[in-house]
Amino acid sequence: MSAGAARGFWRRFLPVWLAGAAGVGALLLQPVPAALLEAPGMQHVPPAVLRLLVLANPLLLVTLLALLGAATAHRVGLGSRLAGTAGDAQQTWVRSALLTGLALGLAIPWLDRVLAPLLGEAWQALAQRADAAWSWRDLAFGMAYGGLAEEVMLRWGVMAGLAWLLAKAFGRRPAVFALAAVLAALLFGVGHLPALAQELALTPAIVLRTVALNALAGIAYGWLFWRRGLEAAMLAHAATHGGFALVRIAT
């Protein structure tokens with residue numbers, strides 16, 4: 001790699017990685033997972049060390065996927081203002097992102113309530129506990145971790161990497177970006193299952209609900225990444241959590 005190419009790579013990597021790392025830092029707003037506290041040998045580990053351990057795996061994923069995005073996104077025309085690869089001076093992306101995110105933030109809770117009777121009593125009890133325990137800290141966490149860390153991982157890393165691989169096989173056609181967005185969105189949905197499995201037994205209906213609703217949002221973020229840049233996907237994801245908060249406040 002030439003010196004100029006190396007500078008270009010790090011220019012694409014570092015600002016995006018810093019945004020993702022800041023999102024990972026939002027995990028400090030959350031309690032240490034019970035599974036980690038109960039793990040053998042962890043009972044005597046200082047709380048500060050436990051909190052740092054919580055950051056380790058997400059930070060590693062953000063780093064690897066930020067590297068992947070820096071290597072592939074620009075090759076298929078997927079851009080980021082942070083990375084210096086999206087030169088659109090128009091601000092219409094802000095409005096598109098906010099409206100998309102807020103629409104998702106209002107629609108998903110409504111769909112959740114429609115589906116709730118089909119998901120069983122354990123699910124409904126979990127949803128009631130989550131509503132009762134919700135705080136502004138959860139909003140801050142969702143906007144930061146979701147809007148920054150998850151978008152760096154799923155859109156900048158996974159979607160860009162998939163689009164690059166698919167484009168090498170089929171050319172840079174719209175179907176390639178659509179398929180990459182759907183696959184990344186499905187992975188986004190599946191990625192929510194392990195944490196949910198710690199709260200209740202997963203049934204086929206709960207798995208379908210979790211993957212489908214998260215994938216719906218992920219497809220919208222993927223479209224924004226493709227058409228408006230990574231920051232539009234980030235803003236829409238954060239705005240979705242804002243919509244969730246509005247629903248909680250209003251009900």
Residue R248 excluded, over 12 heavy atoms near CZ under 6.0 Å: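 Buried by this count: over 12 neighbours within 6.0 Å.
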Under 4.5 Å side-chain linkage, directly or through intermediates, the cluster mates of I249: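 W134, W136, L139, M143, listed by chain and number.
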Counterpart residues, ring-ring contact (aromatic ring centres under 6.0 Å, His included), relative to H241 (two or more places apart):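 Per chain and number, H241 pairs via ring-ring contact (aromatic ring centres under 6.0 Å, His included) with H237, F244.
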Those residues that, when tested against W110, pass ring-ring contact (aromatic ring centres under 6.0 Å, His included) (two or more places apart):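 W110 satisfies ring-ring contact (aromatic ring centres under 6.0 Å, His included) with no other residue.
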Side chains of D112 and W123 in contact at under 4.5 Å (non-hydrogen atoms):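 Yes, close enough: below the 4.5 Å cut-off.
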W156 and E151, any side-chain heavy atoms less than 4.5 Å apart: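 When only atoms from C-beta onward are counted, W156 and E151 do not touch, as no gap falls below 4.5 Å.
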Any residue meeting salt bridge (charged side-chain N to carboxylate O under 4.0 Å, His left out) with R129, in chain and number order, not counting sequence neighbours: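 Applying salt bridge (charged side-chain N to carboxylate O under 4.0 Å, His left out) to R129 gives none.
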M159 reachable from F170 in the ILVMFWY side-chain graph, under 4.5 Å edges: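 In one cluster: yes.
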Rounded distance [0.5 Å steps], [atom1] in [X] versus [atom2] in [Y]:
{"X": "T85", "Y": "L78", "atom1": "OG1", "atom2": "CG", "value": "8.5 Å"}
{"X": "L59", "Y": "L52", "atom1": "CG", "atom2": "CG", "value": "10.5 Å"}
{"X": "L213", "Y": "L111", "atom1": "CG", "atom2": "CG", "value": "6.0 Å"}
{"X": "I219", "Y": "L224", "atom1": "CD1", "atom2": "CG", "value": "12.5 Å"}

What are the two closest heavy atoms between [X] and [Y], and how far apart are they?
{"X": "L104", "Y": "A220", "result": "CD1-CB, 3.8 Å"}
{"X": "G222", "Y": "A181", "result": "CA-CB, 4.2 Å"}
{"X": "A97", "Y": "A239", "result": "O-CB, 4.5 Å"}

Intermediate values then yes/no, side-chain contact (heavy atoms from CB on, under 4.5 Å), T251 and R113: CA-CA 12 Å; T251 55; R113 291 178 184 183; 3.2 Å; yes
Sequence neighbours excluded, every pair satisfying side chain to side chain donor-acceptor pair (under 3.5 Å) that has a member inside residues 54-75: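 Applying side chain to side chain donor-acceptor pair (under 3.5 Å) to every pair that reaches into residues 54-75, excluding sequence neighbours, yields R12-H74, W17-T63.
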Quick one: does any side-chain atom of [X] pair with a main-chain N or O of [Y] as donor and acceptor, under 3.5 Å?
{"X": "N214", "Y": "T210", "answer": "yes"}
{"X": "D138", "Y": "S135", "answer": "yes"}
{"X": "E231", "Y": "L82", "answer": "yes"}
{"X": "W226", "Y": "F177", "answer": "no"}

Intermediate values then yes/no, side-chain contact (heavy atoms from CB on, under 4.5 Å), I206 and L200: CA-CA 10 Å; I206 290 173; L200 79 173; 3.8 Å; yes
Residues Y221 and T100: side-chain donor-acceptor under 3.5 angstrom: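 No.
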Donor-acceptor side-chain pairing of T203 and R209 below 3.5 angstrom: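 Side-chain D/A pair, T203 to R209: absent.
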Pi-cation contact, W93 with R81 (under 6.0 Å, within 45°):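 Yes; both conditions hold, so R81 lies above the ring face of W93.
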Ring geometry between H192 and F188 (parallel below 30°, tilted from 30 to 60°, perpendicular above 60°):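 Ring orientation, 0 to 90° scale: perpendicular.
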With S96 via side chain to side chain donor-acceptor pair (under 3.5 Å) - residues at least two apart: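 Scan of S96 (side chain to side chain donor-acceptor pair (under 3.5 Å), adjacent residues dropped) gives none.
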